[in-house]
2 protein chains.
Amino acid sequence: MTKNCNFIEKLREVGLRPTKQRIKICEVLYNREKTFHFTINDLVKMISEKMNEKISLATVYNTVHAFEKKGYLKEISIDSHKSYFDTNTSAHHHFFDEDTHELIDCDESDIDKINIRKNITGKKINSVEVLVRVASDNQTQK
Amino acid sequence: MTKNCNFIEKLREVGLRPTKQRIKICEVLYNREKTFHFTINDLVKMISEKMNEKISLATVYNTVHAFEKKGYLKEISIDSHKSYFDTNTSAHHHFFDEDTHELIDCDESDIDKINIRKNITGKKINSVEVLVRVASDNQTQK
DNA sequence: CAACAGTTTAGAATTATTATAATGTAGATT
DNA sequence: AATCTACATTATAATAATTCTAAACTGTTG
């Protein structure tokens with residue numbers, strides 16, 4: 001169990017003020033064994049239900065985006081009009097379960113390294129993301 | 001230049017009533033040399049500007065989704081809270097230019113076939129999409 | 001051409017997100 | 001420790017994308 005003072009230091013290191021709210025969000029996001037995926041809505045629920053603290057929706061948005069900018073979180077685009085975030089910030093790919101809308105990490109060994117042979121002139125590659133959409137066998141394909 | 005009666009037949013084939021609005025949308029989307037990418041907003045503009053016809057926003061949404069369900073269009077998720085559609089419905093990958101928000105098709109030869117070694121139990125793979133995010137060399141990475 | 005199911009429409013409702021402006025607070029300065 | 005200041009938080013309003021609704025309309029079938 002990481003202590004709060006570690007979060008305080010961590011936040012300071014990247015130049016974010018360790019406010020009550022940011023520390024609370026750190027606790028919810030990073031005080032756990034495994035990395036996970038969430039939407040802003042999930043996060044708000046976690047904070048307001050599990051820990052009984054009031055936090056403004058705007059603060060959650062601000063903080064999550066601040067964390068993303070600083071590399072604490074990665075945003076994943078799957079569903080138009082819903083943002084998923086991942087506490088696993090390393091380069092990795094995803095399965096998306098279209099039945100349950102669940103996002104599942106790909107093991108590194110599950111997909112070969114993607115080799116891009118040609119790029120757009122004058123541009124650099126920021127990221128290469130693979131999304132494998134899956135659904136029940138009996139389900140009609142989306 | 002495909003004639004309208006072809007669109008009528010095409011729509012009938014998949015069980016969509018060939019209404020004025022659907023035919024108009026077909027014209028805008030498919031009466032062209034190359035496939036292309038668009039947002040609902042783009043499409044509404046194209047219809048209302050290029051051709052001077054009134055069409056309800058709701059109809060555009062309905063029709064685009066009907067087309068997608070029937071395999072006339074492919075939806076591409078890139079940006080949370082904006083839906084991109086592609087008139088190229090074959091399996092292919094994309095570059096996304098983060099400077100201009102432009103979506104560019106990958107040539108088939110630009111990326112090796114992706115090999116998924118393991119899947120989620122009881123699920124079938126619906127699609128495998130690669131998204132290569134690019135930006136100007138001088139730009140800070142997102 | 002009558003009947004009906006599917007479609008379109010304008011506008012209201014919903015959902016996700018961002019902006020605003022007042023209030024609060026962390027951390028530096030005294 | 002009191003003060004200062006820039007950054008954060010908050011509640012709420014605004015915006016944007018999308019979906020819903022209920023009434024009017026229109027292909028299609030018989």
Side-chain angles (χ1 to χ4, degrees), chain A residues 4-5 7-28 37-48 51 53-70 72-73 75-85 101 142, chain B residues 4-5 7-28 37-48 51 53-70 72-73 75-85 101 142:
Chain A
N4 288 359
C5 62
F7 293 137
I8 295 176
E9 278 167 33
K10 207 177 167 184
L11 287 165
R12 275 220 188 86
E13 270 166 30
V14 293
L16 290 176
R17 274 195 196 167
T19 62
K20 272 203 303 280
Q21 293 80 352
R22 283 179 180 158
I23 293 162
K24 181 60 69 185
I25 290 176
C26 277
E27 282 174 37
V28 175
H37 307 108
F38 64 94
T39 64
I40 295 286
N41 213 287
D42 297 336
L43 188 52
V44 170
K45 270 187 197 153
M46 283 171 172
I47 293 168
S48 57
M51 357 221 91
E53 291 264 347
K54 282 167 207 156
I55 193 164
S56 164
L57 185 57
T59 300
V60 178
Y61 273 100
N62 289 343
T63 304
V64 165
H65 286 138
F67 281 10
E68 198 224 330
K69 205 172 287 173
K70 297 300 184 178
Y72 285 15
L73 291 174
E75 191 171 3
I76 298 155
S77 300
I78 287 169
D79 215 323
S80 336
H81 62 274
K82 217 180 225 178
S83 281
Y84 285 77
F85 291 88
H101 279 213
K142 201 214 156 176
Chain B
N4 288 359
C5 63
F7 294 136
I8 296 176
E9 278 166 31
K10 207 177 167 186
L11 288 165
R12 275 221 188 83
E13 271 165 31
V14 294
L16 290 176
R17 275 197 195 165
T19 62
K20 273 202 305 279
Q21 292 81 352
R22 283 179 180 157
I23 293 161
K24 181 60 69 187
I25 291 176
C26 278
E27 283 174 36
V28 176
H37 307 108
F38 64 94
T39 63
I40 295 286
N41 213 287
D42 297 336
L43 187 51
V44 171
K45 270 186 200 155
M46 283 173 173
I47 293 169
S48 58
M51 357 221 92
E53 292 263 347
K54 281 167 207 157
I55 194 165
S56 163
L57 186 57
T59 301
V60 179
Y61 274 100
N62 289 344
T63 305
V64 165
H65 286 138
F67 282 9
E68 197 223 330
K69 207 172 285 172
K70 296 301 183 177
Y72 285 15
L73 290 174
E75 191 172 4
I76 299 157
S77 299
I78 287 169
D79 214 323
S80 335
H81 61 272
K82 217 180 228 176
S83 281
Y84 286 76
F85 291 89
H101 279 213
K142 199 210 158 180

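Letters A, B, ... mirror the listed sequences (proteins, then strands); counts begin at 1. The model shown is predicted, which means the values in this text are computed figures rather than measured ones. Heavy atoms only: backbone and side chains are in, while hydrogens, waters and symmetry mates are out.
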Measuring to OP1 and OP2 of [N], would you say a side-chain N or O of [X] lies under 4.0 angstrom away?
X	N	value
A/H65	C/dT18	yes
A/S83	C/dA16	no
B/R22	D/dG27	no
B/T19	C/dT8	yes
A/Q21	D/dT10	yes

Once you round it to whole Å, what is the distance between [atom2] of [N] and [atom1] of [X]?
X	N	atom1	atom2	result
A/L57	C/dT15	CG	C1'	11 Å
A/K24	D/dT9	NZ	P	14 Å
A/L43	C/dA16	CG	C1'	15 Å
B/K20	D/dC25	NZ	C1'	9 Å
A/R12	D/dC7	CZ	P	16 Å
B/Y61	C/dA10	OH	P	15 Å
B/N62	D/dA17	CG	P	18 Å
B/K54	D/dC25	NZ	P	14 Å

Pick the closest DNA chain D nucleotide for B/L16 and for B/N41 by heavy atoms, then say which residue is nearer the 5' end.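 First, find each residue's nearest nucleotide; the 5'-ward one identifies B/N41.
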Once you apply a heavy-atom cut-off of 4.0 Å, does A/T59 come out as touching a base, just sugar-phosphate, or nothing?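 If one applies the 4.0 Å heavy-atom cut-off, A/T59 turns out to touch a base.
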Heavy atoms under 4.0 Å, any strand shown: does A/I55 hit a base, just sugar-phosphate, or nothing?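 Sugar-phosphate, backbone atoms only, no base.
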Hey, which sits more toward the 5' end of DNA chain C by its nearest nucleotide, B/G15 or A/I40?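 Whichever sits nearer the 5' end wins; that is B/G15.
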Does a donor on one side chain and an acceptor on the other come within less than 3.5 Å for B/N62 and B/T59?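 Result is no, nothing qualifies.
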Counting heavy atoms from C-beta on, name the nucleotide in D/dA17, C/dT8, D/dC20 closest to the side chain of B/A58.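 Given the options D/dA17, C/dT8, D/dC20, the side chain of B/A58 is closest to D/dC20.
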Please report the C-alpha distance between B/F85 and B/D42 in whole Å, then the side-chain angles of each, then the deciding distance to 0.1 Å, and finally whether the side chain to side chain contact (heavy atoms under 4.5 Å, CB included) criterion is met. CA-CA 10 Å; B/F85 291 89; B/D42 297 336; over 6 Å; no
Test side chain to side chain contact (heavy atoms under 4.5 Å, CB included) on A/I55 and A/I25; report intermediate values, then the result. CA-CA 10 Å; A/I55 193 164; A/I25 290 176; 4.1 Å; yes
Could I get the full list of side chain to side chain donor-acceptor pair (under 3.5 Å) partners for A/T19, not counting sequence neighbours?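 A/T19: no side chain to side chain donor-acceptor pair (under 3.5 Å) contacts found.
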Would you give the length of the straight line joining atom OH of A/Y72 to atom SG of A/C26, rounded to the nearest 0.5 angstrom?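 The distance works out to 6.5 Å.
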Between protein and nucleic acid, restricted to nucleotides 2-5 of chain C and to nitrogen or oxygen atoms under 3.5 Å apart, what atom pairs and distances do you find?
{"from": "C/dA5", "atom 1": "N3", "to": "B/R17", "atom 2": "NH2", "distance (Å)": "3.1"}

Nearest heavy atoms of A/L16 and A/A66, plus distance in Å: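 Heavy atoms of A/L16 and A/A66 come nearest at CD2-CB, 4.1 Å.
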Test item: A/H101 and A/Y84 side chains (from C-beta on) under 4.5 Å apart, heavy atoms: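 The answer is yes, as the side chains (C-beta and beyond) meet within the 4.5 Å cut-off.
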Intermediate values then yes/no, side chain to side chain contact (heavy atoms under 4.5 Å, CB included), B/E27 and B/K24: CA-CA 5 Å; B/E27 283 174 36; B/K24 181 60 69 187; 3.9 Å; yes
